[in-house]
Amino acid sequence: MAITPPPPSEYGRPPRVVPGRKITVNKPLLAIGVLLLICVLGFGYYWFVQRVEVPAGKVLVLVRKVGKALPSTEADGKPLSDAVRHQMVLYPDLLAALDATPPEGALPTKYKGILYDVLPEGRHFYDPFFWQRRKVPAVQIGQDEVGILIRKYGRPLPPGKIVATEPDERGPLAERLSPGRHNINPFAYEVRRVPPVTIPPGFVGVQRLLHGDEPSNPNDWTVKAGERGVQPDVLPPGLYYINPYVRQIELIDVRSHTLDLRDTGAIRFPSSDSFEIVVEATVEYAIRQDMAPYVMVAIGDHADIEEKLILPYARSLSRIEGSKLLAREFISGQSREAFQNAFFEGLREQCGEQGIEIRATPIRRIEPPSEIANPISDRQIADQQIKQYENEMKVAQSEAELVQEEEMQQQNQEIGKANREVVTLTKEAEQRKAVALTEANQRLAVAKLQLEAAREEAAALLSRGKADAEVILLNYAAEAEPLRDAVSAFGGGDAYAQYFFYQKLAPALKSVLASTDGPFAEIFRSLSASDPVVAPQEGGAQ
């Protein structure tokens, strides 16, 4: 290899050329270093590029950026509508129709579009070159809210249908979201929050079902339960979480209402003798709870009830019942009461058939013609004075009866006091008798105890005497036993007595005769000098 000489320097001398050194490279170490560099870069790409941290309260939506576009036909050759192809949400029924359902736990990677399922908070790894990653807030439904899902994908609803019932239909769903957190894909569903329906006390809820079966008889005011239309049952007061796309609730006031028929609204009708009668009344009514749906549909609100139902019936009944009476009969109390009762019963019966309960119809004033009312009024005043005098007489009689009752009451009090004293004395005597009887019973019980003790003591003395007697008898028996043996040894009692006699007498005689002089003494002395008789010992004679 030729070496090109360096250019001359500015001083005119060429620069000094140093001969080059050959560099050697360790290929194994280089391979290891490259491998480590690739691993570090790969781990850095995996950790810093592919890693997605989803914080609490959010979810992750994945959009497939690479893949095939949705075809124009399904797997079985059925054409895929433009409304479905332009939505780009890969929902399960669409993938099943395209025969592209992924295995369980895997992601659909065949077509481009928005994935239906979302990922919860946490750490996930997805390549940004293949996936578009979007963090969206999770749906939170409060305690005072009702969540309604509006599906954004699928086929449009057919005419007349307002709720999506098929899995590939676009529109509101019949299900509602309960209070709490829900992981919802915002590209697949729109969540609308509506307040729950509150039915206060004094009201009922009439249900209008917007989604359900076709009514079997569409000409009825109400339909059967579960059919689309006004339901026959009502809801009592309370809080209801209702899907407004499925069911609507209208509040019906079932409290008492009053309709005043006076002044310009007073009822006017002719009597049987052609005099004009003016009647002012008040009608108290309420909607029957069991017929509230019918009233709402067939009649309307309370203004319609008063205008269409109560007023026509009230005027009609007043004319019918009033034309049966003369003008002067509207002044007396009995006729007015009969007219009021007929008016109430007729209005209650006719309005009750229409679902309106008539609770009271007090007639406040009946105004007959003045040319009839004045004479009748004077007569009524005279009748009232007569009644007043009669009432005064009754009051005087009542006062006399009251005085008599007071005297009787005083007498009864004295009798009662005497009776109480008699009862008191009787009770005291009974108490003393009970005390004396108790003391006598106590003394009797003590005497019985003493008698029992004396008996026991006598029995003890008797037992002790018997024991002493037996001891004495045994002692005597013990003393008599040797004597019996001795008598038996002498052969009889006479021999033993003679022996006993001699034994007791001989020492004394010996002593006396030993000191006596004379021939008589000699006899006894000779006897005493002779050998004495020896008594036999126990066990035999010696």
**Study point:** Whether over 12 other heavy atoms sit under 6.0 Å from K135 NZ
**Key:** yes
Check your understanding: Can you tell me if N185 uses its side chain to pair, donor with acceptor, with the backbone of V118 under 3.5 Å?
Key -> no
Review point. Taking side chain as C-beta onward, heavy atoms only, is L261 less than 4.5 Å from V279?
Key: no
Check your understanding: Side-chain contact, heavy-atom cut-off 4.5 Å: L177 with I148?
Key -> no
Revision key, fill the gap. Tightest non-hydrogen contact, residues P362 and A360, listed as CD-C, 3.5 Å
Review point. With L309, which of L347, D304, I299, V295 fulfils side-chain contact (heavy atoms from CB on, under 4.5 Å)?
Key: I299
Practice item. Count the heavy atoms of every other residue, nucleotide or ligand shown that sit under 6.0 Å from CD of Q404, and state whether that count exceeds 12. Key: no
Check your understanding: Nearest 0.5 Å, what's the CD-CZ distance between Q354 and R288?
Key -> 10.5 Å
Review point. Quick one: are V278 and I267 in side-chain contact, heavy atoms under 4.5 Å?
Key: no
Practice item. Keeping the roles fixed (side chain from Q231, backbone from G229), state whether a donor-acceptor pair exists under 3.5 Å. Key: yes
**Study point:** Short side-chain to backbone donor-acceptor contact, R151 and E169, under 3.5 Å
**Key:** yes
Revision key, fill the gap. Paired with Y285, the side-chain contact (heavy atoms from CB on, under 4.5 Å) test is passed by just one of R348, H257, R359, namely H257
Practice item. Using atom types as modelled and distance alone, determine if a side-chain donor or acceptor of D260 lies under 3.5 Å from a backbone N or O of R262. Key: no
**Study point:** Minimum side-chain heavy-atom gap F339-I363 below 4.5 Å
**Key:** yes
Point to revise | Exam field: side chain S323 to backbone I320, donor-acceptor pair closer than 3.5 Å | key: yes
**Study point:** I287 and I252, any side-chain heavy atoms less than 4.5 Å apart
**Key:** yes
Point to revise | CG on L437 to CG on N441, rounded to 0.5 Å | key: 4.5 Å
Exercise for review: Can you measure from CG (N412) to CE (M408) and round to the nearest 0.5 angstrom?
Suggested key: 5.5 Å
**Study point:** Salt bridge flag under 4.0 Å for residues E280 and R365
**Key:** yes
Exercise for review: Mind listing the closest non-hydrogen atom pair of P172 and L157 along with its distance?
Suggested key: CD-CD1, 4.3 Å
Exercise for review: Count the heavy atoms of every other residue, nucleotide or ligand shown that sit under 6.0 Å from CD of E401, and state whether that count exceeds 12.
Suggested key: yes
Exercise for review: Please tell me if the side chains of I242 and I249 come closer than 4.5 Å, counting only heavy atoms from C-beta onward.
Suggested key: yes
Exercise for review: For Y245 and R176, test the side chains for any donor-to-acceptor distance below 3.5 angstrom and give the result as yes or no.
Suggested key: no
**Study point:** Atom pair CD/CG of E399 and L402 - distance to nearest 0.5 Å
**Key:** 7.5 Å
Revision key, fill the gap. Rounded to the nearest 0.5 Å, the NE2 atom of H302 sits from the CD1 atom of I356 at a distance of 8.0 Å
Exercise for review: Check whether any side-chain heavy atom of V234 lies under 4.5 Å from a side-chain heavy atom of P293, and answer yes or no.
Suggested key: yes
Review point. Between C351 and Y313, is any pair of side-chain heavy atoms under 4.5 Å apart?
Key: yes
Exercise for review: Output yes when R193 and E145 qualify as a salt bridge under the 4.0 Å nitrogen-oxygen rule, no when they do not.
Suggested key: yes
Exercise for review: Could you tell me whether a side-chain N or O of T426 sits under 3.5 Å from a main-chain N or O of V422, the two making a donor and an acceptor?
Suggested key: yes
**Study point:** Donor-acceptor pair, side chain of N243 and main chain of L173, under 3.5 angstrom
**Key:** yes
Exercise for review: Take V246 and L210 through the side-chain contact (heavy atoms from CB on, under 4.5 Å) test and state the conclusion after the steps.
Suggested key: CA-CA 5 Å; V246 177; L210 305 178; over 6 Å; no
Review point. Do the side-chain N and O atoms of R247 and Q207 include a donor-acceptor pair separated by under 3.5 angstrom?
Key: yes
Review point. Quick one: do the N183 and R181 side chains pair a donor with an acceptor below 3.5 Å?
Key: yes
Point to revise | Side-chain donor/acceptor of R228 to backbone N/O of G212, under 3.5 Å | key: yes
Practice item. Could you tell me whether E190 and R192 make a salt bridge, using a distance below 4.0 angstrom between a side-chain N and a carboxylate O? Key: yes
Practice item. Measure the OG-CD distance between S271 and E276 for me, rounded to the nearest 0.5 Å. Key: 10.0 Å
